[in-house]
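Here the structure comes first, spelled out in structure tokens, and everything after it is commentary.
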Amino acid sequence: MKGYIAFVKKEFTENMKNYRFIVLFAVFLIFGIMSAFLAKFTPEILSALAADMEMTSEPVALDAWKQFYKNISSVGFSAFIILFGSCLSNEYSKGTLVLMITKGLSRKAVILAKYTVAATLMTISYWIAYVAAYGYTALLWNNTNLSNVALAAFSLWIAGFLYLSILMIGCVIFKQIFTSILFTGGIVALISLLEMIEPIEKFNPFILTSKNIDLISGEVIPAEFVIPAFISIILSIFGLLVAIRLFNKKQL
């Protein structure tokens, strides 16, 4: 336990010094702030650029949340995966893991500490971005009349832990940063493709990232998110356990 706590502190310090957390925080916050503004003023910008272009409908609060979930689930989480894709490769190249493990640090503590720090920094960045998006959406639209906004945000946040578990497996298996990121992207793409298979569509964790707007607009009910969320949590835990097991057997 002492080794785990010490390594967590080391990881937090390192992520501050190398600006990884600052970059992640900035990316998420920008999307949180800009989502409402893009939804609100894009029609006016387009009209100014093309005088003959007429908007068929006025932007509404739902458009702001469409921007938020689209940006966070694609660019935001992609940035998260890229930034933390080097969480073990740097240790491999520097040889620091061998030194720490020979001094008594357990391999399990290494994986758990790295996962804990990455998950914590993602959580901070994500929820501050959500608060920013919520605040500016409420500011630009006085009466939103939207339900399940927080639940939709919670569902996307849960998916972030699954992505991180997949990334940890990739980082353990591959020593190259690019390969780890490519592995994660491939598995996530595979999960998304499984949504096309009708018998298992309603169980697919990808629902947590693809139907947020449907939940807010009332096209789907919250109950439809329960099983995918539960499966996502189980897969996240399973993925973390797989990463630990693989790391225990890996030659450093």
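Residues Phe238 and Leu164 are members of one and the same hydrophobic cluster, defined by side-chain heavy-atom contacts under 4.5 angstrom among Ile, Leu, Val, Met, Phe, Trp and Tyr. Under the 4.5 Å side-chain heavy-atom criterion for ILVMFWY residues, a single connected hydrophobic cluster contains both Met16 and Phe28. Val242 and Ile237 fall within the same hydrophobic cluster, defined by Ile, Leu, Val, Met, Phe, Trp and Tyr side-chain heavy atoms under 4.5 Å apart, directly or through other members. Leu162 and Phe230 are not part of a single hydrophobic cluster, where members link through side-chain heavy atoms under 4.5 Å apart. Linking ILVMFWY side-chain heavy atoms closer than 4.5 Å, directly or via other members, places Leu156 and Leu151 in a single hydrophobic cluster.
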Below 3.5 Å, can you tabulate the donor-acceptor pairs from side chains in residues 122-129 to any protein atom, sequence neighbours excluded?
residue, atom, partner, partner atom, Å
Thr123, OG1, Ala119, O, 2.7
Thr123, OG1, Trp157, NE1, 3.0
Ser125, OG, Leu121, O, 2.9
Tyr126, OH, Ala153, O, 2.6

Please test Lys202 against Ile227 for side chain to side chain contact (heavy atoms under 4.5 Å, CB included), starting from the C-alpha separation and ending with a verdict. CA-CA 8 Å; Lys202 61 182 179 181; Ile227 295 178; over 6 Å; no
Please determine whether side chain to side chain contact (heavy atoms under 4.5 Å, CB included) holds for the pair Trp65 and Asn212, giving the CA-CA distance in whole Å, both sets of side-chain angles, and the decisive distance to 0.1 Å. CA-CA 9 Å; Trp65 289 113; Asn212 311 87; over 6 Å; no
CA sep, side-chain torsions, deciding dist, call: Val117, Phe7, side chain to side chain contact (heavy atoms under 4.5 Å, CB included): CA-CA 10 Å; Val117 173; Phe7 204 76; over 6 Å; no
Take Ile216 and Tyr69 through the side chain to side chain contact (heavy atoms under 4.5 Å, CB included) test and state the conclusion after the steps. CA-CA 11 Å; Ile216 295 175; Tyr69 291 119; 3.5 Å; yes
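Note that OG of Ser180 and CG of Leu88 are 8.0 Å apart. Values are rounded to the nearest 0.5 Å. Atom-to-atom distance recorded for Leu190:CG and Ile187:CD1 is 6.0 Å, nearest 0.5 angstrom. Taking CG of Leu38 as the start and CD1 of Ile33 as the end, the distance is 11.5 Å to the nearest 0.5 Å. Between Thr137 atom OG1 and Leu62 atom CG the span is 10.0 Å, to the nearest 0.5 Å. Atom OG of residue Ser210 and atom NZ of residue Lys70 lie 14.5 Å apart, to the nearest 0.5 angstrom. We find the CZ-CD1 distance between Phe206 and Ile231 to be 15.0 Å, quoted to the nearest 0.5 Å.
In this structure Gln176 satisfies the side chain to side chain donor-acceptor pair (under 3.5 Å) test with no other residue, sequence neighbours excluded. With sequence neighbours left out, Tyr136 forms a side chain to side chain donor-acceptor pair (under 3.5 Å) with no residue at all. By the side-chain contact (heavy atoms from CB on, under 4.5 Å) test, Ile158 is found to be paired with Phe154, Leu208, Ser232, Ile233, residues two or more places apart in sequence or in another chain being considered. Among residues two or more places apart in sequence or in another chain, the side-chain contact (heavy atoms from CB on, under 4.5 Å) test is passed with Thr184 by Ile81, Ile166, Leu167, Val188. In terms of the salt bridge (charged side-chain N to carboxylate O under 4.0 Å, His left out) criterion, Glu224 has no residue partners (sequence neighbours excluded).
Ring to ring, Phe68 and Phe31 are not that close: their centroids are 6.0 angstrom or more apart.
Taking the six-membered ring where tryptophan is involved, the planes of Phe161 and Tyr115 are tilted, since the angle between them lies from 30° to 60°.
Formation of a donor-acceptor pair under 3.5 Å by the Ser89 side chain with backbone atoms of Ile177 is not found in this model. Although no hydrogens or angles enter the test, the distance criterion places a donor-acceptor pair under 3.5 Å between the side chain of Asn204 and the main chain of Ile191. In terms of modelled atom types and a separation under 3.5 Å, the side chain of Lys114 and the main chain of Cys87 share a donor-acceptor contact. Of the possible donor and acceptor atoms, none in the side chain of Asn15 sits under 3.5 Å from a partner among the backbone N and O of Phe21. Ser35 contributes no side-chain N or O that, together with a main-chain N or O of Gly32, makes up a donor-acceptor pair within less than 3.5 Å.
You'll find the side chain of Ile72 stays beyond 4.5 Å of the side chain of Tyr130, heavy atoms only. In this structure the side chain of Lys211 never reaches within 4.5 angstrom of the side chain of Pro228, judged on heavy atoms. By the 4.5 Å heavy-atom criterion applied to side chains, Ser165 and Leu235 are not counted as neighbours.
With a 6.0 Å radius and a threshold of 12 heavy atoms from other residues, nucleotides or ligands, Lys9 has its NZ atom at or below the threshold.
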